[in-house]
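In what follows, a single structure is set out as structure tokens and then discussed.
Remember, predicted model here, so these are calculated numbers, not experimental data.
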Amino acid sequence: MPFANFKVPERTLTPKQKEQIVTRTTELYVEIYGERARNNTMILVEEVTDGGWGISGNVLNLAMLGEATPTHTSDA
């Protein structure tokens, strides 16, 4: 079963954006493996709590990046 796990900072993606990740990733696996992969592809989008991730040995948070989008925001 194809599987993809995306870990993103919480509150940075809207529900629509998460849906796009799932849809596009599934389509990528189908492109690579063929239609047989569609019904067996699992995509997990995990939101990591603020301050629970880092880069280059430094803990980062949304305030440092200046990018927070509440997950309940619609794309309308």
Side-chain angles (χ1 to χ4, degrees):
M1 160 185 358
F3 175 76
N5 186 352
F6 292 86
K7 294 182 188 277
V8 299
E10 71 180 346
R11 300 188 327 259
T12 60
L13 295 176
T14 65
K16 179 69 174 173
Q17 289 169 321
K18 291 177 197 175
E19 182 180 328
Q20 288 175 327
I21 289 172
V22 170
T23 301
R24 290 181 182 184
T25 304
T26 300
E27 291 304 320
L28 176 62
Y29 278 128
V30 168
E31 182 181 318
I32 293 168
Y33 290 107
E35 275 301 320
R36 68 185 188 278
R38 186 176 305 280
N39 290 333
N40 299 307
T41 296
M42 181 178 188
I43 312 299
L44 179 60
V45 179
E46 293 184 272
E47 293 187 278
V48 179
T49 59
D50 195 33
W53 50 283
I55 191 168
S56 300
N58 299 303
V59 174
L60 298 177
N61 59 43
L62 294 176
M64 296 166 100
L65 297 176
E67 298 178 18
T69 303
T71 56
H72 63 275
T73 301
S74 71
D75 279 342

Requested in this report: Quick one: closest heavy-atom pair of A37 and Y29, and the distance?
Outcome: CB-O, 4.1 Å
Report task. Go through the steps to decide whether T41 and M1 satisfy the test side chain to side chain contact (heavy atoms under 4.5 Å, CB included), and finish with yes or no. Result -> CA-CA 6 Å; T41 296; M1 160 185 358; over 6 Å; no
Query - Derivation and outcome, side chain to side chain contact (heavy atoms under 4.5 Å, CB included), residues T23 and I43 - result: CA-CA 9 Å; T23 301; I43 312 299; over 6 Å; no
Query raised in the report: Looking only at atom types and distance, does a side-chain atom of E10 sit under 3.5 Å from a main-chain N or O of D50, one as donor and one as acceptor?
Result: yes
Requested in this report: Measure the spacing between OG1 of T26 and CG of N39 and express it to the nearest 0.5 Å.
Outcome: 10.0 Å
Query - Residues in side chain to side chain contact (heavy atoms under 4.5 Å, CB included) contact with L60, at least two apart in sequence or another chain - result: W53, I55, M64
**Report entry** Partner residues of F3 under the side chain to side chain contact (heavy atoms under 4.5 Å, CB included) criterion, sequence neighbours left out
**Finding:** N5, M42, L44
Query raised in the report: Are L13 and F6 in one and the same hydrophobic cluster, where Ile, Leu, Val, Met, Phe, Trp and Tyr link if side-chain heavy atoms are under 4.5 Å apart?
Result: yes
Report task. Name all residues meeting the salt bridge (Lys or Arg N to Asp or Glu O under 4.0 Å) criterion together with R38; count only those two or more places apart in sequence or in a different chain, and write none if there are none. Result -> E27, E35
Query raised in the report: Taking the side chain from T49 and the backbone from G52, do they hold a donor-acceptor pair closer than 3.5 Å?
Result: no
Query raised in the report: Should the pair E47-K18 be classified as a salt bridge under the 4.0 Å nitrogen-to-oxygen rule?
Result: yes
**Report entry** Heavy-atom donor-acceptor pair, T12 side chain to P9 backbone, under 3.5 Å
**Finding:** yes
Query raised in the report: For residues 54-66, which residue pairs qualify under side-chain hydrogen bond (donor to acceptor under 3.5 Å, both in side chains), counting only residues two or more places apart or in two chains?
Result: none
Report summary line: Here the pair of heavy atoms bringing G51 nearest to V59 is O-CG1, 3.2 Å
Query raised in the report: Take atom CD in E46; do more than 12 heavy atoms of anything else shown fall under 6.0 Å from it?
Result: yes
**Report entry** Joint cluster assignment, V8 & V22, ILVMFWY side-chain distance < 4.5 Å
**Finding:** yes
